[in-house]
Trainee: 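Mind having a look at this structure? Questions to follow.
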Amino acid sequence: MALATNLLQGQASEWALLKRHPSEKYFGVQVCGGYPDAMAHLAQLLDENIDTDFVDINCGCPIDIICERGAGSALLTRPRRLEQVVRATTGCISKPVIVKIRCAHRHAQAGWEVVRTCTCRVRTGMPGVAAHACMLAVM
């Protein structure tokens, strides 16, 4: 997974995560970001510079530093923001965009994120949602 902010800052180590190996028949890149404008800009860059078959927005990462930036599984607690991020991304790229989610976030009711994200999928026209079945323990 690559962070949108790091990619937009031009960090070579982050861009290295998006390189396709010649042996890969199908290749997708997984990115995360919590801001629609940044994700739109990133989508344009990916469309112009990366040989990929699809883009996966990671909304399942529970790591604190990711969630503190409004990305990863933090987006599951903000359905309107999630929809804005998806719309911004899909509006600026010619490749299919899917969303990876976690079945439950530490601060939300189990399974509710799946319902909200699938509703977002229908409204935005994204082709798919991948649900990570792992749940975080409530602390």
Side-chain angles (χ1 to χ4, degrees):
M1 174 185 73
L3 243 58
T5 51
N6 294 354
L7 291 166
L8 293 172
Q9 291 170 0
Q11 292 183 14
S13 59
E14 208 76 6
W15 280 99
L17 298 172
L18 308 182
K19 292 195 177 177
R20 183 179 200 149
H21 189 272
S23 67
E24 294 176 296
K25 185 175 180 182
Y26 301 105
F27 180 74
V29 296
Q30 186 179 75
V31 297
C32 73
Y35 300 98
D37 56 340
M39 291 297 283
H41 187 207
L42 178 61
Q44 291 172 329
L45 290 174
L46 293 176
D47 216 24
E48 295 166 0
N49 299 298
I50 300 296
D51 179 22
T52 185
D53 297 302
F54 65 93
V55 172
D56 176 19
I57 300 173
N58 185 332
C59 296
C61 182
I63 296 172
D64 288 339
I65 195 165
I66 301 297
C67 292
E68 288 166 3
R69 295 180 180 191
S73 60
L75 279 174
L76 297 178
T77 64
R78 301 182 67 190
R80 284 189 209 123
R81 173 62 63 93
L82 171 61
E83 186 172 334
Q84 291 169 347
V85 165
V86 171
R87 283 186 189 278
T89 306
T90 57
C92 295
I93 195 165
S94 61
K95 307 292 185 199
V97 175
I98 63 171
V99 172
K100 175 195 165 198
I101 63 170
R102 185 169 294 276
C103 288
H105 185 273
R106 71 184 107 183
H107 303 298
Q109 188 176 2
W112 185 237
E113 291 82 5
V114 175
V115 173
R116 289 193 300 209
T117 306
C118 289
T119 301
C120 172
R121 178 195 176 278
V122 170
R123 285 197 301 255
T124 61
M126 88 175 108
V129 174
H132 190 294
C134 177
M135 294 188 201
L136 292 175
V138 176
M139 299 188 169

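Just so it is clear, the structure is predicted and the values come from calculations on it, not from any experiment.
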Trainee: Is any side-chain heavy atom of Arg69 closer than 4.5 Å to one of Leu3?
Mentor: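 With C-beta onward as the side chain, the pair touches.
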
Trainee: Give a yes or no answer on whether the side chain of Asp56 reaches the backbone of Gly28 with a donor-acceptor pair at less than 3.5 Å.
Mentor: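 No: the side chain of Asp56 does not pair with the backbone of Gly28.
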
Trainee: Run the side chain to side chain donor-acceptor pair (under 3.5 Å) test against Ser94 and tell me which residues pass, sequence neighbours left out.
Mentor: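 For Ser94 the side chain to side chain donor-acceptor pair (under 3.5 Å) partners, ignoring immediate neighbours, are Asp47.
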
Trainee: Please give me the minimum heavy-atom distance between Ser73 and Pro62, naming the atom from each residue.
Mentor: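 It is OG-CA, 3.5 Å.
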
Trainee: Test of understanding: clusters of I, L, V, M, F, W, Y form through side-chain heavy atoms closer than 4.5 Å, transitively. Do Met1 and Ile65 belong to the same one?
Mentor: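 In one cluster with Met1: Ile65, yes.
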
Trainee: Using the rule that Ile, Leu, Val, Met, Phe, Trp and Tyr join whenever any side-chain heavy atoms are under 4.5 Å apart, tell me whether Ile57 and Leu18 fall into a single cluster.
Mentor: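 Yes.
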
Trainee: Out of Lys25, Arg20, His21, which one pairs with Ser23 under the side chain to side chain donor-acceptor pair (under 3.5 Å) rule?
Mentor: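 That would be His21.
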
Trainee: Okay, side chain of Thr89, backbone of Ala40: is any donor-acceptor separation there less than 3.5 Å?
Mentor: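 No: the side chain of Thr89 does not pair with the backbone of Ala40.
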
Trainee: With side chains defined as the heavy atoms from C-beta onward, is the minimum distance between Leu7 and Leu45 less than 4.5 Å?
Mentor: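 They are not in side-chain contact.
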
Trainee: When you measure from the side chain of Asp53 to the backbone N and O of Phe27, does any donor-acceptor pair fall under 3.5 Å?
Mentor: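 Answer holds: yes.
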
Trainee: Quick check: closest heavy atoms across Ile93 and Val55, and the distance to 0.1 Å?
Mentor: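 Shortest heavy-atom separation between Ile93 and Val55 comes out as CD1-CG2, 3.5 Å.
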
Trainee: Minimum heavy-atom separation for Met39 to Ala4, with atom names?
Mentor: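 Between these two residues, the closest heavy atoms are SD-CB, 3.7 Å.
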
Trainee: Once salt bridge (Lys or Arg N to Asp or Glu O under 4.0 Å) is applied, do any residues pair with Asp37, and if so which ones, sequence neighbours excluded?
Mentor: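 Counting only residues at least two positions away or on another chain, Asp37 forms no salt bridge (Lys or Arg N to Asp or Glu O under 4.0 Å).
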
Trainee: Among Glu83, Arg81, His41, find the residue that satisfies the side chain to side chain contact (heavy atoms under 4.5 Å, CB included) test when tested with Pro36.
Mentor: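 With Pro36 as partner, Glu83, Arg81, His41 yield a single side chain to side chain contact (heavy atoms under 4.5 Å, CB included), made by Arg81.
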
Trainee: Which pair of non-hydrogen atoms, one from Leu76 and one from Pro79, has the smallest distance, and what is that distance?
Mentor: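 Scanning both residues completely, I find the closest heavy atoms to be O-CD, 4.5 Å.
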
Trainee: Establish whether Tyr35 and Val99 are linked, either directly or via other cluster members, by ILVMFWY side-chain heavy-atom contacts under 4.5 Å.
Mentor: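 Different hydrophobic clusters.
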
Trainee: Search all heavy atoms of Ile66 against all heavy atoms of Cys61 and return the closest pair with its distance.
Mentor: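 The pair with the smallest heavy-atom distance is CG1-SG, 3.8 Å.
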
